Number of protein chains: 2
Amino acid sequence: MSELLLKSIREKVTATEEELQICKSYFTQKKLKKRQFLLQEGEVCSRLAFVEKGALYSYTTDAKGGQHVIQFAFEGWWISDMYSFFTQEPSNLNIEALENSEVLLIDQEQHYQLLAELPKYETYIRILYQNAYIALQRRVESTIGLTAEEKYNRLLEQYPFILQRIPLNLIASYLGVTPETLSRIRKQISR
Amino acid sequence: MSELLLKSIREKVTATEEELQICKSYFTQKKLKKRQFLLQEGEVCSRLAFVEKGALYSYTTDAKGGQHVIQFAFEGWWISDMYSFFTQEPSNLNIEALENSEVLLIDQEQHYQLLAELPKYETYIRILYQNAYIALQRRVESTIGLTAEEKYNRLLEQYPFILQRIPLNLIASYLGVTPETLSRIRKQISR
DNA sequence: AAATGGACTTGACATTTATCAAGCCAGTTA
DNA sequence: TAACTGGCTTGATAAATGTCAAGTCCATTT
């Protein structure tokens with residue numbers, strides 16, 4: 001049930017089987033049905049989630065009811081609201097399953113305990129942040145520097161599978177444009 | 001010459017004086033004049049920089065010669081191209097001094113050595129990434145969800161001092177709008 | 001003192017994107 | 001089977017933002 005997590009750890013640090021088992025013991029499994037929430041706006045985000053199966057996404061909602069997709073997470077990815085997790089303030093994000101999914105959860109206390117107990121875990125987490133930071137920075141570069149069409153093309157380059165798993169209206173939201181605009185862009189490209 | 005760095009470390013981890021001195025010994029100092037580059041597009045980013053004094057910023061340039069500001073860094077902040085630093089691929093970023101500045105530099109090998117030698121340093125770095133990641137995520141939220149005016153207001157809220165130190169054309173670039181648009185937004189607000 | 005260049009603003013106009021309203025289609029639900 | 005819903009597209013129009021060109025102001029250089 002946690003092969004992917006262990007694989008993710010092994011990819012980033014060299015850990016013994018024993019260390020991997022210790023890590024594993026800190027996580028609990030949860031199944032989510034499509035459209036089920038892992039976190040709702042207003043709650044404190046008390047745990048980090050690793051996706052073993054399926055796909056989730058996080059988003060904010062604005063005053064006019066508009067939805068803004070912050071992140072997608074597929075198998076092998078992490079998702080949470082870091083801000084709320086670390087400050088313990090209520091989150092303004094929703095995290096929801098896009099498909100029937102399975103996640104592994106670690107709550108705050110366990111996370112800190114594991115960081116203290118297992119230096120390898122800290123290294124793993126550091127590397128995760130590194131990668132997440134780099135990915136986000138590239139997204140910022142796209143967002144401020146490119147037209148909607150260029151952003152869309154770059155997204156497809158980076159995540160070619162995304163069209164197969166994410167509805168276009170959510171992709172539009174992720175790119176910061178309306179579904180209508182994305183639809184017209186796609187029409188434009190196809191000619 | 002490195003009080004700020006040590007302060008930054010002490011804020012995030014509890015370290016002994018000895019550990020702090022070890023950290024310190026890994027860094028070298030460099031002074032930069034206004035407009036001087038710390039990194040130029042095409043070079044590999046071989047070191048991380050901590051700003052002791054002054055202000056720097058990083059930016060990309062696009063095909064049409066347009067400049068896109070990725071990050072500002074003031075006293076007590078870090079700046080580098082993480083992507084290039086970790087992949088050792090040539091950077092597409094420039095890092096330049098906005099004012100006469102002093103930075104502390106640690107190069108890649110030293111960084112890895114220090115990570116291995118001093119667990120506290122790893123914890124420090126992990127927390128830095130955490131914070132950097134959270135800050136970037138908030139920026140993405142702004143960028144995809146807000147109008148130019150809202151983005152500008154939020155920036156002022158978050159960094160009230162920014163107008164005193166950063167020219168408006170760079171703020172415009174950071175927000176992803178043209179200087180003309182920012183100028184009009186400010187006119188609008190002032191009425 | 002004059003010349004230069006950078007930062008900023010303004011106006012006219014072009015382009016991009018959003019908004020609103022309508023309709024299509026496929027898959028789910030009653 | 002019929003109704004419904006979500007996802008997607010299209011058209012008409014409005015709003016936001018970009019582009020280009022000009023000009024002011026101020027600090028720095030000569």
Side-chain angles (χ1 to χ4, degrees), chain A residues 33-37 55 57 59-69 72 94 96-100 142-156 161-191, chain B residues 33-37 55 57 59 61-69 72 94 96-100 142-156 162-191:
Chain A
K33 292 229 172 93
K34 184 172 176 172
R35 301 228 166 83
Q36 195 179 337
F37 286 92
Y57 76 122
Y59 60 92
T60 58
T61 49
D62 63 29
K64 295 173 213 132
Q67 191 187 36
H68 305 286
V69 173
F72 297 113
N94 299 280
E96 191 178 328
L98 284 164
E99 309 169 358
N100 295 335
S142 294
T143 312
I144 65 173
L146 304 181
T147 64
E149 179 172 343
E150 290 167 326
K151 280 184 268 190
Y152 175 69
N153 283 327
R154 186 173 292 189
L155 181 68
L156 290 193
F161 56 84
I162 206 164
L163 287 179
Q164 274 69 60
R165 298 188 66 180
I166 308 287
L168 290 172
N169 61 341
L170 295 185
I171 293 180
S173 166
Y174 180 86
L175 295 174
V177 301
T178 59
E180 291 94 332
T181 297
L182 181 57
S183 175
R184 288 178 184 117
I185 287 168
R186 285 163 48 83
K187 190 179 174 187
Q188 179 84 1
I189 290 172
S190 70
R191 275 194 272 101
Chain B
K33 291 230 173 95
K34 186 173 176 171
R35 300 227 167 84
Q36 196 179 337
F37 286 91
Y57 76 123
Y59 60 93
T61 47
D62 63 30
K64 296 172 213 134
Q67 192 187 35
H68 304 285
V69 174
F72 297 113
N94 299 280
E96 191 178 328
L98 284 165
E99 309 169 0
N100 295 336
S142 293
T143 312
I144 65 173
L146 304 181
T147 64
E149 179 173 341
E150 291 167 325
K151 281 185 266 190
Y152 175 69
N153 283 327
R154 187 175 289 191
L155 181 68
L156 290 193
I162 206 165
L163 286 178
Q164 273 71 62
R165 298 187 67 179
I166 308 288
L168 290 171
N169 60 342
L170 295 186
I171 292 180
S173 167
Y174 180 87
L175 295 175
V177 300
T178 59
E180 292 94 332
T181 296
L182 181 57
S183 176
R184 287 175 186 121
I185 286 167
R186 285 164 47 82
K187 191 179 172 187
Q188 179 85 3
I189 290 173
S190 71
R191 276 195 270 102

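What you are looking at is a predicted structure, and each value in this text was computed from that prediction instead of being measured. Naming convention: chains lettered A, B, ... in sequence-line order (proteins, then strands); numbering from 1 in each chain.
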How would nucleotides 19-30 of chain C be written as a contact map, 5' to 3', with B for base contact, S for sugar-phosphate-only contact and - for no contact, using protein heavy atoms under 4.0 Å? BB----------
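- Of the candidates D/dC8, C/dT10, C/dA7, D/dC8 carries the atom nearest the A/N169 side chain, counting heavy atoms from C-beta on.
- Side-chain contact between A/Q36 and A/K33 is present, with at least one heavy-atom pair separated by less than 4.5 Å.
- The CD1-C1' distance, from B/I166 to C/dG6, rounds to 16 Å in whole Å.
- At a threshold of 4.5 Å between non-hydrogen side-chain atoms, the residues A/L163 and A/R186 count as touching.
- Counting heavy atoms from C-beta on, the side chains of B/L98 and B/F72 come closer than 4.5 Å.
- The listed nucleotides are C/dT9, D/dG11, D/dT17; the one nearest the side chain of B/L168 is C/dT9.
- Using a 4.0 Å heavy-atom cutoff across all strands shown, B/P167 reaches sugar-phosphate atoms only and no base atom.
- When rounded to the nearest whole Å, the span between CD of A/Q67 and P of D/dG6 equals 12 Å.
- The nearest pair of heavy atoms linking A/E149 to A/Q188 is OE1-CG, 4.3 Å.
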Could you pull out every donor-acceptor pair under 3.5 Å between side chains of residues 168-181 of chain B and any protein atom, sequence neighbours left out?
unit_1	atom_1	unit_2	atom_2	d
B/S173	OG	B/Q67	O	3.0
B/S173	OG	B/V69	N	2.8
B/T178	OG1	B/T181	N	3.2
B/T178	OG1	B/T181	OG1	3.0

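- Atom CG in A/L170 sits about 8 Å away from atom P in D/dC8, given to the nearest Å.
- Side-chain proximity of A/R35 to C/dT10, D/dG6, C/dG6: nearest is D/dG6.
- Considering all non-hydrogen atoms of both residues, A/I144 and B/H68 come closest at O-ND1, 3.9 Å.
- Looking at A/N153 and A/I189, their side chains come closer than 4.5 Å, going by heavy atoms from C-beta outward.
- One end of the helix from C/dA1-D/dT30 to C/dA30-D/dT1 points its axis 40° away from the other end's axis, with each axis taken from 5 pairs and the angle rounded to 10°.
- When all heavy atoms of A/K34 and A/N100 are compared, the closest pair comes out as N-OD1, 2.8 Å.
- For the pair A/R165 and A/A55, the tightest heavy-atom approach, listed with the atom from each and the gap, is NH2-CB, 3.9 Å.
- B/G66 comes within 4.0 angstrom of nothing in the nucleic acid, heavy atoms only.
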